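A quick note: this is a predicted structure, and the numbers were derived from the prediction, not measured. A, B, ... follow the sequence lines: proteins, then strands. Residue 1 opens every chain.
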Amino acid sequence: MLTHVQITSTRPVTTAHLAQTMTLLSLPIDELAEQIETELSNNPALEMLEERHCPTCHRPMPDKGVCPICSRPTNLNPEEAVVFISTREDFYPQGEPASEDYPDEPISPSVEDLPTFVMRQIATELDDGDRIIGAYLLTHLNEDGFLTTTLYDAAMYLHIPVSRVQEVQAIIQRAEPIGVGSFTPQDALLVQLDVLAETEIIPELVVPIVKDHFDLLTRHHFADLAKIYDTTQRQIQKLAKFISENLNPYPARSHWGNIRQPGLSEEQVYRQPDIIINHMNEDPSERLMVEIIIPLRGTLRVNPLFKAAISQTAEQTKEDMKTDLDRASLFVKCLQQRNHTMLRLMQRVVSIQKGFILLGDKNLKPVTRVQLSKELEVHESTISRAVANKSVQLPNRKIIPLSSFFDRSLNVRTVIKEMIDSEKRPLSDSDIVILLSKQGFNVARRTVAKYRAMEGILPAHLRHLN
DNA sequence: CTATGGCACGGATT
DNA sequence: AATCCGTGCCATAG
């Protein structure tokens, strides 16, 4: 791991250096991982040390996420969040298929993957023949927990009737994570509803909406849905809330975030977070801890043996080796640069947006990237790149894009929503402007209208109270 | 006359 | 330099 984040930038800054730093900075975690892996396998001058060091105290660290020696550093201001860099595996022990790198190594129980996890639950319900079917289906899951094969193909491959495959699929779908082994998010939701109905009361209309108008639901076309089911938009929003709180359209992923987040596509919102913000030891009374996830285990560095070997090599290959060496040291440097920037950025962001992180959307302070770039004394495009394509996991386990921290309107939008939710009579946009200004939000009437539309709320004269 | 939606300008972001 | 977002101005519906 790249524990030494302080920069020793006495090295001449080449254009190559700049270009690569900028590229790496804007990369999300999974692409960064690929980048590191290709670099590592193409460049013999790079070396990966298994041993890790605690980024705070620099002492060797055992296989745990938090350094046992300095997990509660006393030399820090208790108001400030602790920021450090962590490897990915620390937090996603079962997310990584160990089989890719070590195909022959048996999967130990602690790093159980999704298929194994599901199989263990359902094994007792199946006889030997069905187990083969289950195993076949479970090996055709994608990272979201959906089947990548069809029932027909499975039946053909196993020489059995489709109906039997279907029976097994139904059993899989009911295992944890519920809905796994479905074909689409819609299927998964229906299964979850079915299971949920056994213990809870499902509000009316939820099932028909998911079943018949799923596309409208995902696009938040609440007005259209209200019309179809002859009810109020408010009612539909309640149902949507129920759905997002109780169901998960991607069984293998942890959360149903806000799919309307600007800037990132739906796909990106659900990915592995680049940054995790949580309380120390998961204890809410403790101060916040911010982890910038590095997608590799261990320490990446220039191989000293390779460096030493150069002087003993024939002139011919010497040049090539020198090139490799330069590339390697450049790469490591760029990576350190990236970490350093992310670290400083998050430190500042978290201390500014603490209210938002702990108390919710309406406490978001509208900070611009430019402000931050001045505070941190970097170019604004640096901040821009650092924020781009990154996602953050909050203490409440929601995964949101890092750009949300710079959303100039989220707080106001939330307050508007609350106002309308608790209004006694339909408030017009200009009424809302006045109420907002009393709370210190100065926005134009026109803007209120836009936010209202963004949240899918009808104009005042069309809102009927239930 | 009031409440809203459409279009366009200027600053922020990429 | 191209694009996005908040706002102001104006037209339209009720």
Side-chain angles (χ1 to χ4, degrees), chain A residues 18-28 31-32 220-224 226-227 232-234 258-269 274 337-338 341-342 344-346 348-349 352-353 361-362 364-392 400-417 419-420 423-437 439-465:
Chain A
L18 276 178
Q20 194 167 12
T21 306
M22 303 227 286
T23 317
L24 287 185
L25 188 57
S26 60
L27 247 36
E31 289 175 34
L32 184 68
H220 287 222
H221 287 178
F222 298 144
D224 296 346
K227 220 172 278 174
T232 60
Q233 194 166 351
R234 176 89 54 92
N258 185 351
I259 58 173
R260 301 180 72 228
Q261 285 295 341
L264 289 181
S265 72
E266 188 174 338
E267 298 302 315
Q268 289 169 303
V269 172
D274 298 89
Q337 182 77 255
R338 179 187 192 272
T341 308
M342 293 299 296
R344 295 214 309 147
L345 172 72
M346 288 314 293
R348 196 73 197 97
V349 166
I352 293 173
Q353 303 291 18
D361 289 354
K362 67 173 165 181
L364 181 79
K365 290 190 190 160
V367 191
T368 77
R369 295 158 169 81
V370 181
Q371 275 172 42
L372 218 56
S373 74
K374 281 177 187 149
E375 285 185 36
L376 298 180
E377 298 179 309
V378 294
H379 195 273
E380 51 196 85
S381 75
T382 307
I383 302 288
S384 189
R385 286 167 190 281
V387 169
N389 307 317
K390 309 287 189 315
S391 53
V392 185
I400 62 168
L402 181 53
S403 55
S404 301
F405 285 85
F406 297 88
D407 191 319
R408 272 176 296 170
S409 64
L410 184 62
N411 52 355
V412 185
R413 290 208 307 265
T414 315
V415 176
I416 292 177
K417 253 194 296 187
M419 275 179 190
I420 294 178
E423 71 187 358
K424 298 213 175 54
R425 64 182 171 80
L427 296 168
S428 77
D429 291 347
S430 22
D431 292 336
I432 294 175
V433 171
I434 296 169
L435 288 176
L436 281 175
S437 69
Q439 294 194 35
F441 297 111
N442 291 313
V443 287
R445 187 234 95 218
R446 188 65 193 79
T447 309
V448 171
K450 288 238 159 137
Y451 289 169
R452 195 172 40 64
M454 271 190 201
E455 301 294 341
I457 301 171
L458 287 172
H461 60 278
L462 294 177
R463 291 202 299 270
H464 300 288
L465 300 174

[X] near the nucleic acid: base, sugar-phosphate alone, or nothing, with a heavy-atom cut-off under 4.0 Å?
X	result
Ser430(A)	sugar-phosphate
Ser381(A)	nothing
Arg408(A)	sugar-phosphate

Could you state the atom-to-atom distance from [atom1] of [X] to [atom2] of [N] in whole Å?
X	N	atom1	atom2	result
Arg452(A)	dG6(B)	CZ	P	11 Å
Phe406(A)	dG6(C)	CZ	C1'	19 Å
Leu372(A)	dT14(B)	CG	P	12 Å
Asp407(A)	dT13(B)	CG	C1'	13 Å
Ile416(A)	dG6(C)	CD1	P	11 Å
His461(A)	dC1(B)	NE2	C1'	15 Å
Lys450(A)	dC5(C)	NZ	C1'	8 Å
Ile383(A)	dT14(B)	CD1	C1'	13 Å

Taking Lys417(A) first and then Glu455(A), would you say they form a salt bridge - that is, a charged N and a carboxylate O separated by under 4.0 Å? yes
Can we say Arg425(A) and Asp431(A) salt-bridge, meaning some charged N sits less than 4.0 Å from an Asp/Glu carboxylate O? yes
Reckon [X] has a side-chain N or O less than 4.0 Å from the OP1 or OP2 of [N]?
X	N	answer
Tyr451(A)	dG6(C)	yes
Thr447(A)	dT7(C)	yes
Arg369(A)	dT14(B)	yes
Ser384(A)	dT14(B)	yes

As a test of reading the structure: which of [options] is closest to the side chain of [X], going by heavy atoms?
X	options	answer
Val370(A)	dT13(B), dC10(C), dA3(B)	dT13(B)
Arg446(A)	dT4(B), dT13(B), dC9(C)	dC9(C)
Glu380(A)	dT7(C), dT14(B), dG5(B)	dT14(B)

Distance in Å, Arg348(A) CZ paired with Leu376(A) CG, rounded so as to fall on 0.5 Å steps: 7.5 Å
Separation of Lys362(A) NZ from Asn411(A) CG (nearest 0.5 Å): 11.0 Å
Under the 3.5 angstrom rule, does the side chain of Arg452(A) hit a backbone N or O of Ile457(A) as a donor-acceptor pair? yes
